[in-house]
Trainee: 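Encoded as structure tokens, here's the structure I'll be asking about.
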Amino acid sequence: NLDLLGYLLRNKLVEPEIIYNSGGFISAWMWVKFKSVIEEYRKIAYGHDAFREFEYLANEMWRMKKERDPTFLTDQTYFPSDAFEKTFKR
């Protein structure tokens with residue numbers, strides 16, 4: 001459960017390295033894919049805090065990816081080349 005992993009990470013109950021090295025970056029891919037759907041659910045059904053820990057996890061995994069590999073480019077088969085930058089802009 002990505003929300004649970006985000007909760008554990010935010011509360012420092014697990015090291016970011018463990019999640020990242022265990023395939024945690026997939027959360028960033030999933031956030032890019034489902035962000036718009038989740039934002040709609042927040043508006044109409046679940047409230048503004050729904051999936052907030054998943055969002056936190058995805059942002060942290062993206063931050064770690066960019067720190068480790070600033071040249072990272074997305075596979076354009078799945079996402080436009082700027083999808084991650086637009087999704088995770090700060």
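If you're wondering where the values come from, they're calculated on a predicted model, not measured in any experiment.
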Trainee: Going by the angle between their ring planes, with limits at 30° and 60°, are F54 and W31 parallel, tilted or perpendicular?
Mentor: perpendicular
Trainee: Report the distance from atom CG of D69 to atom OG1 of T71, rounding to the nearest 0.5 Å.
Mentor: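 One finds 4.0 Å between CG of D69 and OG1 of T71.
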Trainee: Got a sec, which pairs hit salt bridge (charged side-chain N to carboxylate O under 4.0 Å, His left out) with one end in residues 37-47, sequence neighbours left out?
Mentor: K35-E39, E40-K43, R42-E55
Trainee: Answer yes or no: is there a side-chain heavy-atom contact under 4.5 Å between P16 and L9?
Mentor: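 Yes - at least one pair of side-chain heavy atoms lies under 4.5 Å apart.
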Trainee: So do V14 and I19 actually touch side chain to side chain, heavy atoms under 4.5 Å?
Mentor: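 They are in contact (side-chain heavy atoms under 4.5 Å apart), so the answer is yes.
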Trainee: Enumerate the residue pairs fulfilling salt bridge (charged side-chain N to carboxylate O under 4.0 Å, His left out) with a member in residues 6-16, sequence neighbours excluded, ordered by first and then second residue.
Mentor: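 Those involving residues 6-16 are R10-E53.
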Trainee: Would you say N1's side chain and D3's backbone share a donor-acceptor pair under 3.5 angstrom?
Mentor: yes
Trainee: With Y7, which residues qualify under ring-ring contact (aromatic ring centres under 6.0 Å, His included), at least two apart?
Mentor: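 Residues passing ring-ring contact (aromatic ring centres under 6.0 Å, His included) with Y7: none at all.
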Trainee: How far apart are the closest heavy atoms of G24 and S27, and which atoms are they?
Mentor: O-OG, 2.7 Å
Trainee: Are Y20 and K65 side-chain neighbours, meaning at least one heavy-atom pair lies under 4.5 Å?
Mentor: yes
Trainee: Should F34 and F51 be marked as a side chain to side chain contact (heavy atoms under 4.5 Å, CB included) after you check the CA-CA gap, both sets of side-chain angles, and the distance that decides it?
Mentor: CA-CA 11 Å; F34 295 109; F51 304 104; over 6 Å; no
Trainee: Side-chain heavy atoms nearer than 4.5 Å, only ILVMFWY residues, links allowed to pass through others: does that put I44 and I38 together?
Mentor: no
Trainee: Applying side-chain contact (heavy atoms from CB on, under 4.5 Å) between R63 and each of E67, K66, M61, report the one that passes.
Mentor: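 With R63 as partner, side-chain contact (heavy atoms from CB on, under 4.5 Å) holds for just one option, E67.
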Trainee: Nearest 0.5 Å please: distance from the CG atom of L57 over to the CE atom of M30.
Mentor: 10.0 Å
